[in-house]
Amino acid sequence: MSDPRTGVEPYAPELIEARWRQRWEERRTNAVDLRAAERPYFNLMMFPYPSAEGLHVGNVFAFVGSDIHGRFRRLQGWGVFEPIGFDAFGIHSENYALKVNTHPGKLIPANIARFREQLKRVGLMVDWDHELSTTDPRYYTWTQWIFLQLFKAGLAVKKKAPVNWCPECKTVLANEQVIDGFCERHPQVRVHQRLLEQWFFKITDYAERLLENLETLDWSESTRLMQTNWIGRSEGAELAFAMPTGDTIRVFTTRPDTVFGATYMVLAPEHPLVEKLTTREQQHAVREYRRQAAAQDIVTRRVGDREKTGVFTGSYARNPATGESIPVWIADYVLMEYGTGAIMAVPAHDERDYEFATTFDLPVRQVIQPNASAATSDPARGSSIPYTGWDGVMVNSGAFDGMPCADAAREITAWLARTGAGTATVQYRLHDWCISRQRYWGPPIPIIYCDACGTVPVPTADLPVLLPPIDDFRPDETGVSPLARHEEWYRVPCPACGAPARRETDVSDTFLDSSWYFLRYPSTEFDDRPFDAALTSRWLPVKCYIGGNEHAVLHLMYARFIIMVLHDLGHLGFAEPFTRFRAHGTIVKDGAKMSKSRGNVVVPDEYLAKWGADTFRMYLMFLGPYQEGGDFRDQGIAGQRRFLDKVWSLVRTAVRGTAGAEHGTAMRKLHQTIRGVTEDMEELRYNTAIAKLMEYVNVLRGRGDAAEDAAETDGGEGVPAELLHPLAIMLAPFAPHFAEECWERLGGRSSVFNAAWPAFDAGLAREEEIELVVQVNGKVRGRLKVSPGLSESEAVRRALADDGVRRFVNGEDVKQAIYVPDRLVNLVV
RNA sequence: GCCCGGGUGGCGGAAUGGGCAGACGCAAGGGACUUAAAAUCCCUGGGGGGCAACCCCGUGCGGGUUCGACUCCCGCCCCGGGCACCA
């Protein structure tokens with residue numbers, strides 16, 4: 001069907017997109033030969049959790065941005081591998097399954113099928129032959145294998161740890177699921193703390209390397225900063241405070257310079273020495289305090305603005321610097337999981353210690369005299385106590401009096417070290433990674449407990465430990481995994497001695513599944529190895545990883561850790577998985593966060609059906625800077641469609657052959673566009689890249705500022721195909737189906753994605769005449785048309801000849817002339 | 001509280017090794033075509049003043065540096081995100 005007046009058939013996205021989806025599949029356009037491809041480029045997008053709701057517009061935004069990068073690299077001549085998979089284990093899937101009372105093993109395949117169809121509709125350059133799901137035994141065999149590697153290396157250990165427990169949900173909650181001490185799903189139910197045996201990965205052993213390596217990675221700055229803060233490195237000293245009993249309380253401090261001001265000590269309520277230190281008289285009070293602390297959930301305990309509480313143990317320790325006996329207290333503001341679980345309290349130079357000392361009337365001794373400028377820098381406080389800065393000198397500190405704090409920190413540590421009471425150390429905020437889940441929907445942890453042999457790893461040959469398809473997967477109040485109710489499953493002979501033994505009934509954390517999925521993609525065909533050595537060294541590390549910053553800390557940190565361990569164990573030739581990482585932004589709807597309760601959730605299917613994938617992709621990339629996100633407004637989409645319509649009509653009316661002299665303006669604009677778009681594509685500046693393509697199209701249509709003398713292309717003559725080929729290529733990453741169709745109609749062969757990204761020619765981009773801005777005293781008073789490369793003296797002469805300029809110079813002497821070649825001349829009078 | 005990111009027309013957003021603020025798009029108003037509408041095409045468009053050429057003001061607020069500041073420095077305010085009794 002064609003327009004009766006112009007005779008041009010209209011742009012019909014549904015037909016075009018269906019046709020090209022089919023051709024891509026038939027011709028295997030998106031598949032790359034993993035063994036032979038030249039310049040291999042692993043383009044990775046964060047695989048989705050296949051929710052029952054289907055693909056979210058946030059997923060589409062993320063994937064399209066990554067896909068555009070992959071397609072751009074392919075056009076630049078790289079062999080691009082762009083796989084996708086599904087992160088389908090985990091509490092999220094399990095909770096949904098419980099809600100609708102259907103087994104997750106049944107739901108997940110259906111969800112994945114739906115996701116797959118939606119993703120195909122978006123037009124990603126995905127090689128579907130390498131699709132994977134973390135719930136597939138062919139996959140989680142190797143997740144279990146990774147656990148065993150860590151276990152054998154001594155990096156997987158079982159220890160007791162406190163967890164959040166909701167009596168209503170009858171399950172353990174993640175810290176993120178506890179809100180101000182209450183369960184997120186039961187706002188009236190207080191969460192309790194329970195002590196459970198858990199498997200931990202010793203990620204803290206890798207803290208220093210995880211931190212150091214960050215500097216070598218080309219990652220989004222925000223992501224790198226979050227990881228840095230999460231690791232939380234602090235330099236300081238570990239000091240020993242001796243007890244009359246012969247015990248020693250070890251403390252970590254970042255301020256060893258203040259040790260002369262330590263007037264009391266505080267232990268965490270759970271500290272192992274508490275029982276021993278507590279005197280008979282204090283026993284009742286201490287026991288009661290510890291009971292209360294234990295009943296609190298972890299999150300409440302950590303809220304910072306609570307009033308200080310605590311009790312005296314009855315015992316005293318010796319300050320190694322002063323030799324004084326100082327009281328030992330317990331208080332919940334000291335956390336067992338940081339440092340040594342004990343502190344020396346210096347109330348004169350620490351806010352928390354000061355507050356505690358004031359509450360319990362403990363002595364405060366100033367040991368730092370702030371320098372004059374520092375002391376008065378906080379007028380709100382009248383007094384310089386507590387002073388926590390570094391800008392001061394020591395007082396009340398024996399031989400160290402008068403020394404600047406920073407020097408004293410070093411000197412005092414060295415002095416205490418000579419008596420064995422101190423060592424310079426480093427502490428990290430990072431905690432070991434608890435991977436146990438008392439849940440059903442995950443890979444069983446491959447461990448067997450035998451009375452005779454102890455903790456025995458499942459032999460690799462026996463993997464996978466299949467997750468049995470039980471019906472009663474709902475967690476109950478016992479706090480043990482649903483698998484623990486299935487004796488027929490967990491009773492097994494010990495692999496070492498054959499005696500009756502018992503399987504571990506916990507499953508592992510979803511983050512373990514996702515910490516290595518990118519290793520699996522190139523090797524999905526193999527059942528006898530997690531990843532093939534040759535393919536892995538060819539394709540990894542990942543060249544570009546794009547994903548949301550919500551995974552900046554956990555997923556990316558865990559993945560780096562696992563890869564580093566596998567490297568150290570000799571399985572991989574690289575220690576960092578992602579050479580380049582870019583965080584994309586989030587999109588909001590009409591200025592507000594999307595949520596079901598607001599009813600403003602953008603459902604991609606509706607937009608894909610109405611506008612087609614190409615228009616929708618273009619709009620998503622145009623609505624804001626990709627790395628910041630933007631505001632999705634329905635009204636804006638039509639603009640992208642109009643743009644494609646304009647390109648379409650240029651293509652349909654194009655004339656064969658090359659551009660002539662009369663197309664000088666268009667040719668110049670083309671090369672300026674090639675330069676600008678190429679730079680933008682490198683930096684993921686998709687919104688401005690699209691804007692530049694629009695400008696070029698405006699010029700081709702004889703419109704816009706740069707068009708001026710380009711009207712020759714207007715008037716039914718048609719634009720030469722030479723000027724449209726590069727446009728089709730530059731548009732291809734954004735609107736792949738559309739670009740294919742244009743390419744074909746312009747006489748292109750095979751796929752536009754087998755073409756080469758256009759080359760920039762500086763000579764063709766050069767302007768013959770430029771506008772020079774003339775300022776007088778910094779204000780624009782005129783403009784000159786000049787040829788590039790004008791000399792300063794000539795520029796000033798021409799500027800002074802301008803009527804408008806002369807009015808403002810007003811006959812006065814020009815004191816100074818600033819000349820920025822080809823940009824402006826500023827006359828100072 | 002600490003650490004990031006950000007405040008620019010009616011709206012989304014351009015422009016920061018200091019150098020024409022508002023690219024590109026949306027919405028709007030006016031016009032052409034049409035019996036009419038849609039679509040399409042053309043014109044206008046930060047605020048104020050002037051018949052006009054032009055002039056003044058304008059990038060969250062207050063100072064500063066500079067021939068020149070959205071951009072750099074100092075001090076605030078507001079919004080978004082991360083961490084939070086980390087010793």
Side-chain angles (χ1 to χ4, degrees), chain A residues 3 5-6 10 221-226 228-230 232-234 236 251-255 258 266 299 301-308 331-335 337-346 349-353 355-356 388 427-431 549-550 552-553 585-586 588 590-591 593 619 622-625 627-640 642-643 645-646 649 685 687-695 697-698 701 703-705 771-783 803-804 807 815-820 823-829:
Chain A
D3 185 308
R5 282 184 315 158
T6 59
E221 194 52 40
S222 60
T223 313
R224 247 176 8 189
L225 252 156
M226 274 198 245
T228 304
N229 293 340
W230 189 262
R233 185 182 196 275
S234 300
V251 303
F252 172 73
T253 177
T254 53
R255 298 301 299 263
T258 64
V266 187
V299 174
R301 171 94 184 261
R302 288 183 173 208
V303 170
D305 51 3
R306 289 167 58 234
E307 275 179 27
K308 294 283 177 290
D332 63 6
Y333 82 91
V334 174
L335 308 172
E337 56 271 28
Y338 185 76
T340 60
I343 61 156
M344 64 173 199
V346 187
H349 305 291
D350 182 279
E351 302 270 358
R352 297 149 300 178
D353 297 345
E355 198 190 321
F356 190 82
T388 58
Q427 274 294 326
Y428 302 92
R429 205 197 70 108
L430 184 71
H431 285 29
N549 237 353
E550 69 272 17
V553 173
T586 49
V588 297
D590 300 316
K593 199 179 249 178
Y619 179 61
F622 187 70
L623 53 69
Q627 297 185 59
E628 285 165 39
D631 194 357
F632 189 103
R633 291 175 188 257
D634 289 357
Q635 264 183 335
I637 304 173
Q640 297 307 311
R642 281 200 274 267
F643 171 61
D645 279 335
K646 287 169 190 169
S649 112
R685 290 192 297 252
N687 56 333
T688 51
I690 292 172
K692 287 177 178 106
L693 293 172
M694 287 174 162
E695 284 187 55
V697 167
N698 285 342
R701 299 175 67 244
R703 316 263 140 54
D705 290 345
E771 203 175 60
L772 193 67
V773 169
V774 183
Q775 297 183 335
V776 179
N777 290 334
K779 295 205 176 200
V780 181
R781 299 302 183 185
R783 287 149 211 282
D803 280 347
R807 275 223 325 269
K815 294 197 199 83
Q816 194 189 351
I818 288 106
Y819 180 56
V820 183
R823 297 207 79 145
L824 66 66
V825 58
N826 185 13
L827 306 173
V828 185
V829 296

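Convention: sequence-line order gives letters A, B, ...; per-chain numbering from 1. All heavy atoms count here, side chains included; hydrogens, waters and symmetry mates do not.
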Check the interface with nucleotides 11-21 of chain B: list each N/O to N/O pair with the protein under 3.5 Å, or write none.
from, atom 1, to, atom 2, distance (Å)
B/rG12, O2', A/L623, O, 2.7
B/rA14, OP1, A/N687, ND2, 3.1
B/rG19, N2, A/Q775, OE1, 3.1
B/rG19, N2, A/N826, ND2, 3.2
B/rC20, O2, A/R783, NH1, 2.3

Review point. Who pairs with A/D631 by side chain to side chain donor-acceptor pair (under 3.5 Å), at least two apart in sequence or on another chain?
Key: A/R633

Check your understanding: In chain order, what residues pass the ring-ring contact (aromatic ring centres under 6.0 Å, His included) check against A/F632, with sequence neighbours excluded?
Key -> A/Y607, A/Y619

Study note, to complete from the structure: By side chain to side chain donor-acceptor pair (under 3.5 Å), A/T688 pairs with (sequence neighbours left out) A/D680

Practice item. Only counting residues at least two apart or in another chain, list the ones meeting side chain to side chain donor-acceptor pair (under 3.5 Å) with A/R233. Key: A/E208, A/E235

Point to revise | With sequence neighbours excluded, residues passing side chain to side chain donor-acceptor pair (under 3.5 Å) with A/E221 | key: A/R224

Exercise for review: Any chance you could encode RNA chain B as dot-bracket? Rule is Watson-Crick or G-U wobble with both distances under 3.5 Å; [ ] for pairs crossing earlier ones, | for another strand.
Suggested key: (((((((..(((......[....))).(((((.......))))).((((....))))..(((((..]....))))))))))))....

Point to revise | Phosphate-side-chain proximity, A/N698 and B/rG25, N/O vs OP1/OP2 below 4.0 Å | key: yes

Check your understanding: Quick one: does A/V774's side chain get under 4.5 Å of A/R781's, heavy atoms only?
Key -> no

Review point. If you check every side-chain atom of A/R807, which of B/rC3, B/rC24, B/rC54 has the closest atom?
Key: B/rC54

**Study point:** Distance in angstrom units between A/W230 CH2 and B/rG81 P, rounded
**Key:** 17 Å

Check your understanding: How would you list, by chain and number, every residue that makes a salt bridge (Lys or Arg N to Asp or Glu O under 4.0 Å) with A/E355, sequence neighbours excluded?
Key -> A/K308

Exercise for review: Could you list the residues that satisfy side-chain contact (heavy atoms from CB on, under 4.5 Å) with A/Q775, not counting sequence neighbours?
Suggested key: A/V773, A/V780, A/L824, A/N826

